Amino acid sequence: MSRDHVQSAERLGTGAEAPFLELLARGASADAYEQPVLLARAEGLSPERVEALEQAKRLALRVRAEMEGRRRREAELSALFETAHDLAGLRDLDALLRAIVQRARSLLSTDVAYLTLNDEAAGDTYMRVTEGSVAARFQQLRLGMGEGLGGLVAQTARPYVTPDYFKDARFQHTWTIDSGVRDEGLVAILGVPLMIGPQVIGVLFAADRRARVFEREEIALLGSFAALAAAAIDTANLLTETRSALDRLARANEIIRDRSAAIERASDVHDRLAELVLRGGGVHDVAAAVSEILDGTVEFTEPDAAPAAALEASRAEGHAVRHGDDWTAAVAAGGELLGALVLRGHPGLDPVDQRTLERAAMVTSLLLLARRSAAEAEQRVRGELLDDLLDAHDRDPRVLRERAARLRADLDTTHVLLAARLDSAMADADQEAAARRRLWSAASHLAATRHGLAAARDGGTVLLLPLGPGDTATDLARRTARQLGSSVHERVTVGASAPVEDVVGRPDVVAAAYAEGQRCLDTLRLLGRAGDGAAADDFGFMGLLLAGDRDIAGYVERTVGQVVAYDERRGTDLVRTLDAYFACGMSPARTKDELHVHVNTVAQRLERVGRLLGDDWQSPARALEIQLALRLHRLSSIPGR
């Protein structure tokens, strides 16, 4: 970055981001983003200017990281789609397996990738494909069943990773394997199983010549490539079986022609599905295409809507399973069940058509993963923008508007801040965390459809939604509570702020509106209206306290502070007695029944209250103030306040 660039940024005043935008545009390395700041300091620019450059640098690095993450995810999905397309037009198994290993090595950025297959006849495992290997002994390894890291993967049918191969005692080391690994110089190794149904037929590996920790996403990605490799081998085996059958049944010309036509049709199906994926089709487009191909009705269903036994059998076996007159193919990825493709009313299904249904299920899983990845990225971006509106009061309004516009959100319209929280008590921390994630996901979806923003915050969710013509904050809060509750199948309480204008130009008003929404939410829960939605205007005179910046704690202290302090010092129950006394119409007889104590005890407690608050504490004016203070005291005692 030249001195002229920094001087230009100085002349721009508020344009501290200019040099970093240039770095983003030309894809500079992360180290280059330090140069504008260092040069500004060397030039002796003002501390304010240097701080502005620092802030712009941090924002630019976040944008760069997000762009890099998206490029990486796009590259991963593109490689999976390309490999799926190659599988659809499978002609050379060796070439396809080499492509899978090459792409796995490239995307995981490892030194070496390789694939081993089991040899049932010889009772061992052999190296089938290597990429990046330089050691001849390593490339020609044959391993006994159950030996090495690959043996552990094959025995458990689960991925295994070791950051340092020679220090890992979880698997059986042999001189043959260790010598080959040492010749290759490998240190960190990740292995995932190649499976056809429940059977492990081999292992796909990615390895580095240095210590490395493989991330969960990298393990899942290699698992996806392993599934494609297993499918390729399965398809090749099917083609081999078909050719053998054709040779054995040479005299049955009609059967041979039917089989050939079916195989050709399967190839056309694979090409059609790959084309559908590449042009951006969805899961229901895949179902419609397979319905036409199989001359039946194919539907995509959620996991809980498919026959449970058939779905579990299909996932365990890796094949479509017949259930009555229907066929069910599990849609799964990385051990997670995403749904099912169900072929209705088609009991007679030949093996090729069965494979077609299974391949369609695999393509559907790729589409769902891609859609989920895109949705999670958008949810994260919406949450970050709302967090910036709530927390960062010195953000550039123009940048905020541009970020919102990319999300189809107009920050110049009137909005309402909504604080949402689950009301149900969960059995354990894991269940509570899962419920909160469901709430955030539902809120993010609602915000996206309403052109608003949503973020997880303070154990719940905050939403910034535009206020439609003729709508009120109360209407929006109640509607949001119903919609979120229906989505997560739990009661969701929603507190709303008053309508807010110019959320970008007045940064403090956003945080104040959120605090007001939280107070409304807590008041709803205090009043026993959990699962409802409301704004401050719905609470009458209490709304005057909730809506503004009032000294509620000071009011409570001045009115009933001596009674509260007396209870805290002596362990007495005067506050509860006062609550019951007013709730029972100031009748000592009914109060003693409510508290399950003797009437003399009530009289003694009220006498103590009179000495603390003064003789006129039961006069109408003082009684009203005391009741209000008691209610506000309960509100301030809600957990989380």
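Being a predicted model, the structure only gives us computed values, none of them experimental.
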With a 4.5 Å cut-off on side-chain heavy atoms, are [Y] and [X] touching?
X      : Y      : value
Trp617 : Val563 : no
Leu476 : Arg450 : yes
Met586 : Gln618 : yes
Val492 : Asp423 : no
Thr480 : Val494 : yes
Leu190 : Ile219 : yes
Arg479 : Asp471 : yes
Phe214 : Arg216 : no

Is it the case that the side chains of [Y] and [X] hold a donor-acceptor pair, with the cut-off being a distance below 3.5 Å and no angle test?
X      : Y      : value
Asp410 : Thr413 : no
Arg421 : Thr493 : no
Tyr514 : Gln518 : yes

Separation between [atom1] of [X] and [atom2] of [Y], rounded to the nearest 0.5 Å:
X      : Y      : atom1 : atom2 : answer
Leu417 : Cys520 : CG    : SG    : 11.0 Å
Leu630 : His633 : CG    : NE2   : 8.0 Å
Thr559 : Gln627 : OG1   : CD    : 12.0 Å
Leu574 : Arg605 : CG    : CZ    : 7.5 Å
Ser444 : Leu463 : OG    : CG    : 8.0 Å
His489 : Arg438 : NE2   : CZ    : 8.5 Å

Please assess Glu594 against Arg590 for the test salt bridge (charged side-chain N to carboxylate O under 4.0 Å, His left out), listing each intermediate value before the final yes or no. CA-CA 6 Å; Glu594 175 70 18; Arg590 290 202 297 269; over 6 Å; no
For [X] versus [Y], what's the shortest heavy-atom pair and its separation?
X      : Y      : result
Trp440 : Ala454 : NE1-O, 4.3 Å
Leu465 : Leu418 : CD1-CD1, 3.5 Å
Ala473 : Ala496 : O-CB, 3.8 Å
Ala513 : Val500 : CB-CG2, 3.6 Å
Arg529 : Ala534 : NH2-CB, 4.0 Å
Pro499 : Thr414 : CB-CG2, 3.7 Å

Give the C-alpha distance, both sets of side-chain angles, the deciding distance and a yes or no for salt bridge (charged side-chain N to carboxylate O under 4.0 Å, His left out) between Arg212 and Glu218. CA-CA 12 Å; Arg212 169 178 175 174; Glu218 295 174 320; 2.8 Å; yes
Run the numbers on Val564 and Glu568 for side chain to side chain contact (heavy atoms under 4.5 Å, CB included), then give the verdict. CA-CA 6 Å; Val564 174; Glu568 291 175 351; 3.7 Å; yes
By the definition side-chain hydrogen bond (donor to acceptor under 3.5 Å, both in side chains), identify the one residue from Arg569, Gln562, Arg570 that meets it with Tyr566.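 Of Arg569, Gln562, Arg570, side-chain hydrogen bond (donor to acceptor under 3.5 Å, both in side chains) with Tyr566 is met by Arg570 alone.
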Could you list the residues that satisfy side-chain contact (heavy atoms from CB on, under 4.5 Å) with Asp615, not counting sequence neighbours?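 side-chain contact (heavy atoms from CB on, under 4.5 Å) check on Asp615 returns nothing, list empty.
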side-chain contact (heavy atoms from CB on, under 4.5 Å) against Pro588, all qualifying residues, sequence neighbours excluded: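 With sequence neighbours excluded, Pro588 shows a side-chain contact (heavy atoms from CB on, under 4.5 Å) to Tyr581, Val599, Val602, given in chain and number order.
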Apply salt bridge (charged side-chain N to carboxylate O under 4.0 Å, His left out) to the pair Asp579 and Arg576, showing each step before the final yes or no. CA-CA 5 Å; Asp579 274 330; Arg576 180 165 170 262; over 6 Å; no
Return yes if some donor-acceptor pair links the side-chain N/O of [X] with the main-chain N/O of [Y] below 3.5 Å, else return no.
X      : Y      : value
Ser487 : Gln483 : yes
Ser441 : Arg437 : no
Thr461 : Arg457 : no

For atom CD of Glu54, decide whether the heavy atoms of other residues, nucleotides or ligands shown that lie under 6.0 angstrom number more than 12. yes
Count the heavy atoms belonging to other residues, nucleotides or ligands that lie under 6.0 Å from CZ of Arg58, then report whether that count exceeds 12.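 More than 12 within 6.0 Å, yes.
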Checking Leu595 against Thr577 for the side chain to side chain contact (heavy atoms under 4.5 Å, CB included) test, could you report, in this order, the C-alpha distance in whole Å, the side-chain angles of both residues, the deciding distance, and whether it holds? CA-CA 7 Å; Leu595 297 176; Thr577 301; 3.8 Å; yes
Arg49 vs Ser46, side chain to side chain contact (heavy atoms under 4.5 Å, CB included): CA-CA, chis, key distance, verdict: CA-CA 5 Å; Arg49 185 57 187 168; Ser46 66; 3.2 Å; yes
Verdict with supporting geometry, Leu484 and Leu446, side chain to side chain contact (heavy atoms under 4.5 Å, CB included): CA-CA 8 Å; Leu484 294 180; Leu446 177 61; 4.2 Å; yes
